[in-house]
2 protein chains.
Amino acid sequence: MTEPKPQTIATWIALANANRVVLEGIEDALKAAGLPRLDWYDALLEIEKAGAAGIRPFDLKERLLLPQYGMSRLLDRMAKAGLVDRQGVENDGRGQIVSLTPEGRSVRRAMWPVYAERLTRSVEGSISQEEASDLARLLNKLAHPES
Amino acid sequence: MTEPKPQTIATWIALANANRVVLEGIEDALKAAGLPRLDWYDALLEIEKAGAAGIRPFDLKERLLLPQYGMSRLLDRMAKAGLVDRQGVENDGRGQIVSLTPEGRSVRRAMWPVYAERLTRSVEGSISQEEASDLARLLNKLAHPES
DNA sequence: TCCATATAGATGCAAGTGCATCTACTTAAG
DNA sequence: CTTAAGTAGATGCACTTGCATCTATATGGA
C-alpha cells in the first residue's frame with residue numbers, strides 16, 4: 001500500500017487550486033470581454049505560427065494535446081466562426097491543411113492583451129521572478145517524470 | 001499594456017502542464033480500475049466527513065467549488081448510482097440533507113488506494129519532500145493573492 | 001396579514017466531450 | 001494489379017456542462 005505523505009497530498013491540492021484560480025481568472029476575463037475561450041487562443045496561436053504554409057490537424061492535435069475527435073470538432077467550430085481555413089492537401093487525399101483567416105489573426109490578437117493582463121496579474125502579483133523561476137522548475141519536474 | 005515577463009508565461013505553461021499530467025494520471029488509473037472519476041471522490045469524501053448528520057447541498061457546493069446546477073446534477077447521478085441519500089430537512093422545506101449510503105462509503109474506500117498510488121507515484125517519484133514543500137508554498141501564494 | 005425579496009434546489013435547452021466506429025485514402029506485400 | 005493493413009479525419013450517441021430560468025419555501029417589513 002503506497003500511502004502518500006501528507007505533504008504530497010497538500011502539494012497536489014495546492015497544484016489543483018493554483019491551476020484553477022489562474023485558469024478561471026483568465027477564462028472569466030476573456031468571457032467578460034466577449035472573446036473566445038483559452039483553448040481557442042492556443043489553437044489560433046499554433047496555427048498562426050505555422051504561417052501561410054498551414055498545418056495538418058494530426059500535427060496540431062499533438063501540439064495541443066487534444067484527442068483526434070476533439071481537434072476535429074474544435075476546427076469545425078473555428079471554421080464556422082470564420083477564423084480558420086481548411087483546404088485539401090496536394091499529396092494526401094485524406095488530409096487537409098489548416099490556416100488562419102485574417103479574422104482568425106485578428107481575434108487572436110484581440111485576445112492577447114486580455115489574456116496577458118490577467119496572467120501577469122495572477123503570477124507577477126503573487127510571486128517574485130525568482131519564485132516564479134523556482135516554481136517553474138519544480139512544476140517541470142512533476143510534468144516530466146524522466147527520473 | 002501589461003506584457004508578461006517570459007518567466008511568467010513559462011511558469012503558467014508549466015503549471016498547466018503539471019496539473020494536466022498529474023490529473024490525467026489519476027483519472028486514467030481510476031478509469032482503468034472501473035471506478036468513478038475524481039470529482040465523485042471529492043464529493044464522496046466531503047459527504048463522508050459530514051457523517052450521519054449529513055450535509056446540505058448549498059454547503060457542499062462551497063466546499064467543492066461547484067456551481068449550484070453542477071452540484072444538483074452531481075448529486076442526481078450519485079443518487080442514481082445508489083451512493084448518496086437525499087432526505088428532506090426539518091426546518092427548511094426548500095432544502096435537503098445529503099449523506100452517504102454504505103455503498104457510497106465502500107466506493108470511496110475502493111477509490112482511495114488507486115488514487116493514492118498514482119498520486120504518490122506522480123509526486124514522490126518526481127520531487128523530494130523538501131521540494132514538494134517549497135512547491136506547495138509557492139502554489140499557495142498563487143492561489144491566494146492576498147498581497 | 002400581505003407582499004416583496006431572498007434562498008434552496010431543479011431543469012429545459014444549447015453546446016461541449018468521450019467513446020466507438022465509420023469512411024476515405026494511402027501504403028506495403030504478395 | 002489486388003488486397004490487407006495503416007492513417008487522416010468525421011460522426012452517431014450518450015453523457016456532461018453552462019446558462020438562464022423556474023418552482024417552492026422562507027423571511028422581513030408595511
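Every chain is numbered from 1, with letters handed out A, B, ... down the list of sequences. Remember, it's a predicted structure, so these values are computed and weren't measured experimentally.
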Undergrad: Any salt bridge (Lys or Arg N to Asp or Glu O under 4.0 Å) pairs touching residues 122-131 of chain B, not counting sequence neighbours?
TA: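 Salt bridge (Lys or Arg N to Asp or Glu O under 4.0 Å) check on residues 122-131 of chain B returns A:K5-B:E124, A:R137-B:E131, A:K141-B:E131.
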Undergrad: Give a yes or no on whether B:F58 and B:L75 share a hydrophobic cluster (residues Ile, Leu, Val, Met, Phe, Trp, Tyr; joining criterion: side-chain heavy atoms under 4.5 Å apart).
TA: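 No, because B:F58 and B:L75 fall into different hydrophobic clusters, even though each may have its own neighbours under 4.5 Å.
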Undergrad: Would you say A:L100 ends up clustered with A:L45 if hydrophobic residues are merged whenever their side chains have heavy atoms under 4.5 Å apart, either directly or through other cluster members?
TA: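 Yes, A:L45 and A:L100 fall within the same hydrophobic cluster.
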Undergrad: For DNA chain C, which residues in residues 59-83 of chain B have a heavy atom at a distance below 4.0 Å?
TA: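 Output list: B:Q68, B:Y69, B:S72, B:R73.
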Undergrad: Which residue pairs pass the salt bridge (Lys or Arg N to Asp or Glu O under 4.0 Å) test with at least one member in residues 65-75 of chain B, sequence neighbours excluded?
TA: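 Residue pairs with at least one partner in residues 65-75 of chain B: there are none.
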Undergrad: Under the rule for salt bridge (charged side-chain N to carboxylate O under 4.0 Å, His left out), what residues qualify as partners of B:E48, not counting sequence neighbours?
TA: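 Checked B:E48 against salt bridge (charged side-chain N to carboxylate O under 4.0 Å, His left out); matches are B:R108.
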Undergrad: Quick check on DNA chain D: between A:D92 and B:W40, whose nearest nucleotide comes earlier from the 5' end?
TA: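 Counting from the 5' end, the first nearest nucleotide belongs to A:D92.
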Undergrad: What is the distance, to the nearest angstrom, from the CD atom on B:E24 to the C1' atom on C:dT17?
TA: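 Nearest whole value for this atom pair: 13 Å.
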Undergrad: In whole angstrom, give the distance that lies between atom CD of A:Q96 and atom C1' of C:dA24.
TA: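 Rounding to the nearest Å, CD of A:Q96 and C1' of C:dA24 are 13 Å apart.
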Undergrad: Between residues 47-56 of chain A and DNA chain C, which residues have a heavy-atom gap below 4.0 Å?
TA: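 The answer is none.
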Undergrad: Could you tell me the boundaries of the chain A footprint on DNA chain D, defined by atoms under 4.0 Å from its heavy atoms?
TA: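 From 5' to 3', the first and last contacting nucleotides are D:dG6 to D:dC19.
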Undergrad: Which pairs, protein N/O on one side and nucleotides 2-7 of chain C N/O on the other, fall under 3.5 Å?
TA:
from, atom 1, to, atom 2, distance (Å)
C:dT7, O2, B:R94, NH1, 2.8

Undergrad: Report the residues that fulfil salt bridge (charged side-chain N to carboxylate O under 4.0 Å, His left out) with A:K80, sequence neighbours left out, ordered by chain and then residue number.
TA: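 So A:K80 forms no salt bridge (charged side-chain N to carboxylate O under 4.0 Å, His left out) with any residue.
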Undergrad: Using heavy atoms to find the nearest nucleotide of DNA chain C for A:R37 and B:G95 separately, return the residue whose nucleotide is more 5′.
TA: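 On the 5' side of the pair lies B:G95.
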Undergrad: Would you say the side chains of A:T11 and A:Q7 form a donor-acceptor pair under 3.5 Å?
TA: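 Judged by distance alone, the side chains do pair up.
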Undergrad: Show every salt bridge (Lys or Arg N to Asp or Glu O under 4.0 Å) that has at least one partner inside residues 92-103 of chain A, sequence neighbours left out.
TA: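 Sorted pair list: A:R56-A:D92, A:D92-A:R94.
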Undergrad: Does anything in residues 16-26 of chain A form a side chain to side chain donor-acceptor pair (under 3.5 Å)? List the pairs, not counting sequence neighbours.
TA: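 Residue pairs passing side chain to side chain donor-acceptor pair (under 3.5 Å), neighbours aside: A:N17-A:R20.
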Undergrad: By side-chain hydrogen bond (donor to acceptor under 3.5 Å, both in side chains), which residues pair with A:D76, not counting sequence neighbours?
TA: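 If we apply the side-chain hydrogen bond (donor to acceptor under 3.5 Å, both in side chains) test to A:D76, skipping adjacent residues, the hits are A:R86.
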Undergrad: Salt bridge (charged side-chain N to carboxylate O under 4.0 Å, His left out) with A:D59: which residues, sequence neighbours excluded?
TA: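 So A:D59 forms a salt bridge (charged side-chain N to carboxylate O under 4.0 Å, His left out) with A:R63.
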Undergrad: Would you confirm whether A:T120, through its side chain, and A:A116, through its main-chain N or O, come within 3.5 Å as a donor-acceptor pair?
TA: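 At least one qualifying donor-acceptor pair exists.
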Undergrad: Is A:I47 linked to A:L65 within one hydrophobic cluster, defined over Ile, Leu, Val, Met, Phe, Trp and Tyr using a side-chain heavy-atom separation of less than 4.5 Å?
TA: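 Unlinked, A:I47 and A:L65 end up in two clusters.
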Undergrad: Starting at the 5' end of DNA chain D and moving along, which residue's nearest nucleotide shows up first, A:K31 or A:R86?
TA: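 Nearer the 5' end of the strand: A:R86.
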